[in-house]
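Step one of this worksheet: look at the structure below.
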Amino acid sequence: SGSSSSEQSSEEGTIKIGVLASMTGALESYGKQTTRGFELGLDYATDGTREIDGRKIEFIIEDTETKAEVAVQKATKLLEQDQVDFLVGSSSSVDTLAVVPLAEEYKKIFVVEPAVADSITGSEFNKYVFRTARNSSQDAVAGAAAIAKKGVKIATFAPDNSFGHDGITAFKEAAEKLGATITHEEFADPAGTDFTSNIQKIINAKPDYLFVVWAGANSPWNQISDMKVQDKGITISTGAPDIAALKTMKPLVGMEGFSVYYHDLPNNEVNDWLVKEHKDRFNGELPDLFTPGGMSAAISIVEALKKTENSTDSDKLIEAMEGMSFETPKGMMTFRKEDHQALQTLYSIKLENKKGVDYPVPVLIRELSPKETAPPIRNK
Amino acid sequence: MELFINLTINGLATGMLIFLLAAGLTLIFGLMSVLNFAHGGLFAWGSYAGVWLYLLTNSFIAGIIGAIFIGILLGFITEKWIIQPVYGNHVQQILITLGFMIVLSELLKVIWGPNQIAVTPPAYLTGSWEIGNILIIKYRAFIIVVGLLMYGLIYYMLKHTKIGLIVRAGVINKEMVQSLGINIKRIFLYVFMAGAAMAALSGMLIAPYAGVIHGNMGMEYAILAFIVVVIGGMGNITGSILAATLVGIIGSFMAYYVPELSLAVNMLIMAVVLLFRPQGLFALKG
Amino acid sequence: MNSLLSLKNVETYIDQYHILQDVSFEVPAGEVTVLLGRNGAGKTTTLRTIMGLNPPKKGEVAFKGAIMNGLPPHDIANRGIGYVPEDQGIFGALTVEENMKVAMKKESDDVMERMEWILNLFPDLKTFWKKPGGLLSGGQKQMLSIARAYVNETELLLIDEPSKGLAPIVVEKVMHSIQEMKQKTTIILVEQNFLMASQIGDYFYIIDDGRTVFNGRMQLLREDESLRRKYLGIA
Amino acid sequence: MLILFTQIFIFAIFAMSYDILLGFTGIVSFGHAMFFGIGAYCVSVMLKHHEPTMLLVTGAISLGVLFSLIISFVVGLMTLRLKSHYYAMLTLALAGLFLVAAEKWRTLTYGNDGFTFQVPEFFHDRLHFYLVCLVLMVIVYFGLKRFIQSPLGRILLAIKDNEQRAESLGYQVLHYKIIASIVAGGIASLSGSLYALSLRFVNTSVFTMDITLDALLMTIIGGVGTLIGPVLGAAIIELAHHWLTGLAKVHWIFERWLILFGIVYILAVMFFPNGIVGSVRKLVSKKEKKEDVSTSENIVKEG
Amino acid sequence: MVAILETKNLGITFGTHQAVQDVSFSVEKNEFKSIIGPNGAGKTTLFNLLSGQLKPTKGEIYLKGQQITGSSVVERTRLGIGRSFQITNVFPNLTVLENVRLAVQSQAKLRYQAFTHYRSYQKFEEKALHWLHVALLDHKENTLAINLAHGEKRKLEMAMLLALEPELLLLDEPTAGMSLEDVPAILQVIKKIKEEGDKTILLIEHKMDMIMDLSDRIMVLFNGKLLAEGTPREIMDNELVQSAYLGGLYDEFTSQS
Ligand SMILES: Nc1ncnc2c1ncn2[C@@H]1O[C@H](COP(=O)(O)OP(=O)(O)OP(=O)(O)O)[C@@H](O)[C@H]1O
Ligand SMILES: Nc1ncnc2c1ncn2[C@@H]1O[C@H](COP(=O)(O)OP(=O)(O)OP(=O)(O)O)[C@@H](O)[C@H]1O
Ligand SMILES: [Mg+2]
Ligand SMILES: [Mg+2]
């Protein structure tokens, strides 16, 4: 119902983008990364003018507070009051899932970044959803690629919540495809502090590798190291998180795993620009895990608008965006036609100590190509 | 057998840690009957201030002292401005302490930023001893020792001084205690400050154990502390330490043998205890 | 007159209610002063005003010549005033022993001696020494409350209806003990038991509607039936 | 902002149901989210699996209410004998168990990620839904008002004040507490259903402590033991929330606007110790009493 | 005459302390019986056993021949046992009127009515005001009970009991703390209730003149045991009672009245 009124503005005037992100709450650091990246991306894609063909592009950031009901409220406000042409966001999968139906109702393109749940481009998919972020399955495929081979025995460890179960299910599928066997799956209370019983069971299962899916404030790394898991011949593997969390991973130096992004992993001009510009604007800080995602989202929107010649008509945009490839700090991304998931590069890495850096640094082993990490299509 | 010992020791350490958390609350909630939802805030502040000092000076001891100091200071402020107007009124306590909790945890982020901070134990407490197949993590052994010390201290304070009595009497009938010539306001203040200092200390001690600290850590841990105080029996420090140990050890074994239930374990223990012993495991006489 | 405590035109409010409207009296040292008056007259409020529990809004309360208006109750207590409230104020969850302990300022010989004396007066307390105060019988609570106020050395004891709930023989004991306490302590007594009041009181004040309306030596009231009828409604 | 007001109405209903416990029966529950969640999931699951029609929505809401009635009856029977703190903690535990169950029963609930669903055509216009919520709030308000002003409601107040005395007047305290918690549970379930409908999405957060705390805060801020209080409280909290988040964009200094939110709570206690409604009433009655010293008004007398 | 209340070997033990031991007695219909005994003798405890607040560890209680030993407080109240409490026990945050109105409502057996407005029961309010008047609490109806003076609370306690209109009234020191001048009036009320017939009264008191004046019979409780029972005169002349309970005051009582 709200869509018809904004139709008039679609050819003229300012193009408005609503960005939903966690600016407070548990995921606020992700929110900051995304919004900074988005701003930079807009400047990059429009050469700093924030205009295409004379039409101004404006963006409005709204804080979801990492709460679904707030996300819906804010999204509705963006769609009705501000009459935005695009939605971008958000930091939490839950918030994003709650907003997905609104995109359909108001017929607006929703560029999902950096929410990771498979269901966003899977069971909950609608045609207005495009995702520049990688999803859990891509993570899993990348994780599997780093360690799974024929005959390898792998134990997994994850929080006992949707994120953990999603991640492990996807990982298992990918790893078994590569010939590995999952010998033990361990799930722990995500709010717990004592993981020793879980780790004990993993030790008892005697796997070759322990693959860990972990996000959240409390981390198991100290306890894994205290219980001498590595000394017992079990190699640990996981995804490298953002810099703040890398600091908790000192006991894991030497670990092989994967990364979504670390500022010196990609080797391309866009990334060079990003690192430099980010440092300039934000007094020397480096772009972090989800900064390039925010940037990619902005670039994808501008690219799409270029293709539709500035039309914000959603059907035209969908047509333009399906299968669209665009350059991002992580190299070329492509929105897969079937489920609008951006296929993208991920990185096989090893954590190493580096002089002058007070956390273990992900060092590139090899790039995992977009094709290699392409996840299964699950929206049908 | 080794497995049994390992699980028991780890459970015991976790239990002691929970006890450290709950000790301050035993005074503030159990004894003084203040529903202090800001307890988690005091705890988080102890954690951040202590860790900050620890990382700054590289001295773990300095961190501990710093945490205790900030606990005392915050305890003073909290009691004077937040708690004093609402003694005896649980409904108002909930509202005002929740408000203060928000203020505390947001201020934390203003000062130290919203990111999590990684903490490791000092070198002399890092690593573990391995005796046969039994693994004892040094920092956990340390926690157990501190927990027992803390228990001894509070036990002594409550048993061998009149403070415990006066506080209990003051909660029952404040005017009467005053009429007996006791400055109950001041005693409440001191006891509150002691409770806050314990919260802050346990915040500091939990940091290397958990490996990271973060702005929202307070509330989660505070709920656990409330659980322990209640199932231990209100105001009973011995009850608290036993309840905490129980929660720790059951949690440890459940996580091993019935992992499906480990999410629910704390709530299950509490539900079972309260259904079968509605006054808590070790209720005070009377 | 050598007065230990004096109230001059005291007015006390509780919330917005004007309870004491004009209360004035003098308490001579070493004597028993009795406050009389019907229910709701303001006797208890008068005692609470002296204790600082309902501070006066106007007028002055002076103890040993020093004005006490606005002092916190514990300060007032520490100047040597003990209080037996009408609802006994027992700490129900604390044992009899603990109730006494909370009250004891120090455990000096003197205090121990007083404790000994008072426990001999009320042997029930000894019997139930380890019992929670809340489980005592009504009369036993009354005994505990009196014992608790007496155990510290005080110069002035405020006792609100001590005889209520006590068996006749205990009332008698309390009367004797008050007479004995009188040697060391000045006493203000609120009492509805006229028999008791008239026997141990030296002076009386009658309070009505928050005002002191009449006073004199107790003898006067004992002897004059018409006065009794007028102010107390009894023969 | 229709959606904002819709939320206010929904939470007003929820907070009113909470006040039946806290304000009128003197029961502190930390597990009220239990019923909110049941309502939310009932509607969501039904709509997810069937064609969304108004009939289905009505049926699903009723089913949720029915479940809540049964569960609050059973839970009440088990728990209401407990004394204050212990009861509060036990409800916390039970609600916690519901949360874990929702988290674990992933095939039905999709865990913390949750799921979205379609609502009937009629609700596609947000104005319709807004009006439905408004009407329901008004109905609940007057329904509860009648309930608490009935002879039975009076007994609840008596129980709040002195359980043991109520018993020796011949009132079976446990029955009344159970009645109160059944009423509260059913209405909480209704509000949970509306909440899910308003978001067209549900996840396990409907079972969290935060939801209970919301009700608690709204009730206390507005005024415990009044019905208009929770409604006001819901409005104040939601509006303050909305306004304060807005501030974050005005100036970076308000980035930590939550601090202001916390300060609002603190000031509320300082200046409105009995909640807005309670404190205003007290003020008014004080003025009246200036003339008539001998009487005083019972602040909880009127709903 | 039928015994309205009867106990057989009634006893209760707290830990090792036998608060009530082997008490067997019966109360006839329309009888006024008083219970005296030293502090801690077990009088209030006996009341608690009769009204159901405590469950006996031994013995039985019969109301009108019917065994009620296991019945709850509520059931006994509904069967017609009403009591007042020694330590004032009212609804502190309700008005005086509401306190009594709740008793009237219970008396009218209106317990689960949730759909009408309580004010539509005008007669309850009238009745409540009547009882307040009887208990000398006129003009206090809008005061919160917590703000009453002690003696006024005793009167409220009394009014609530009267409003319940029980067949068997258990009065636990109703006049303790009441003003001298009000005691006779309250006694008048009690007397009137007794004289109007069909009520049975059990009274605990320490005021001997009152006991003498009102009682048909007196029971003496001592250390939990029933020591003596008889007419007022008999009891007064009992030497044990004199020495252990009344003390010297007894003489003065008799000389005064
Ligand atoms: N907190 C209060 N709020 C309002 N009025 C009060 C409060 N406390 C006492 N009053 C009123 O003050 C008056 C005096 O009370 P007070 O307790 O001093 O009487 P009293 O002389 O001790 O009576 P009694 O003999 O019954 O103990 C009474 O009318 C009482 O209702
Ligand atoms: N619930 C209880 N638990 C333990 N002891 C109790 C309990 N209730 C009463 N007692 C004890 O039983 C004894 C009798 O108490 P009760 O209250 O019946 O005495 P009473 O005859 O009413 O005395 P008074 O005249 O002083 O009111 C007392 O010693 C008391 O301490
Ligand atoms: Mg009085
Ligand atoms: Mg008694």
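None of the values given here were measured: they were computed from a predicted structure. Each chain gets a letter, A, B and so on, in the order the sequences are listed, and its residues count up from 1.
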Contacting region of E:S106 [heavy-atom separation from chain D under 4.5 Å]: both

Judged by modelled atom types alone, do D:H32 and D:S17 share a side-chain donor-acceptor pair under 3.5 Å? yes

Interface residues of residues 173-183 of chain D facing chain E - non-hydrogen atoms under 4.5 Å apart: D:H175, D:Y176, D:I179

Does E:K33 come within less than 4.0 Å of E:E28, counting only side-chain N to carboxylate O? no

Less than 4.5 Å to any heavy atom of chain D: does that hold for the side chain of E:Y121, its backbone, both, or neither? side chain

Is it the case that E:T45 and E:N48 place a side-chain donor and acceptor less than 3.5 Å from each other? no

Please state whether the side chain, the backbone, both or neither of E:V96 comes within less than 4.5 Å of a heavy atom of chain D. neither

One thing to verify: whether E:E125 and E:R101 come together as a salt bridge, which I'm taking to mean a side-chain N less than 4.0 angstrom from a carboxylate O. no

Given that the side chain runs from C-beta out, which part of E:Q107 has a heavy atom under 4.5 Å from chain D: side chain, backbone, both or neither? neither

Mind ranking D:G153, D:A158, D:A166 by heavy-atom pairs under 4.5 Å with chain E and telling me who comes out on top? D:A158

Is it the backbone or the side chain of E:R78 that comes under 4.5 Å from a heavy atom of chain D, or both, or neither? side chain

Side chains of E:S34 and E:E205: any donor to acceptor distance under 3.5 Å? no

Examine the side chains of E:R154 and E:T175 and answer whether a donor and an acceptor come within less than 3.5 Å of each other. no

Given side chains that start at C-beta, do those of E:Q67 and E:I61 come closer than 4.5 Å, heavy atoms only? no

Most contacts with chain E, counted as non-hydrogen pairs under 4.5 angstrom, among D:D161, D:N162, D:L169, D:I155: D:D161

Let me know which of E:K64, E:Q66, E:E60 forms a side-chain hydrogen bond (donor to acceptor under 3.5 Å, both in side chains) with E:Y62. E:E60

Short side-chain donor-acceptor distance under 3.5 Å, E:Q86 and E:T44: yes

Taking atom types as modelled and ignoring hydrogens, do the side chains of E:N89 and E:E157 form a donor-acceptor contact shorter than 3.5 angstrom? no

With a 4.5 angstrom heavy-atom cut-off, could you sort out which part of E:F115 is near chain D: side chain, backbone, both or neither? backbone

Side chain, backbone, both or neither: which part of E:L102 has a non-hydrogen atom closer than 4.5 Å to chain D? both

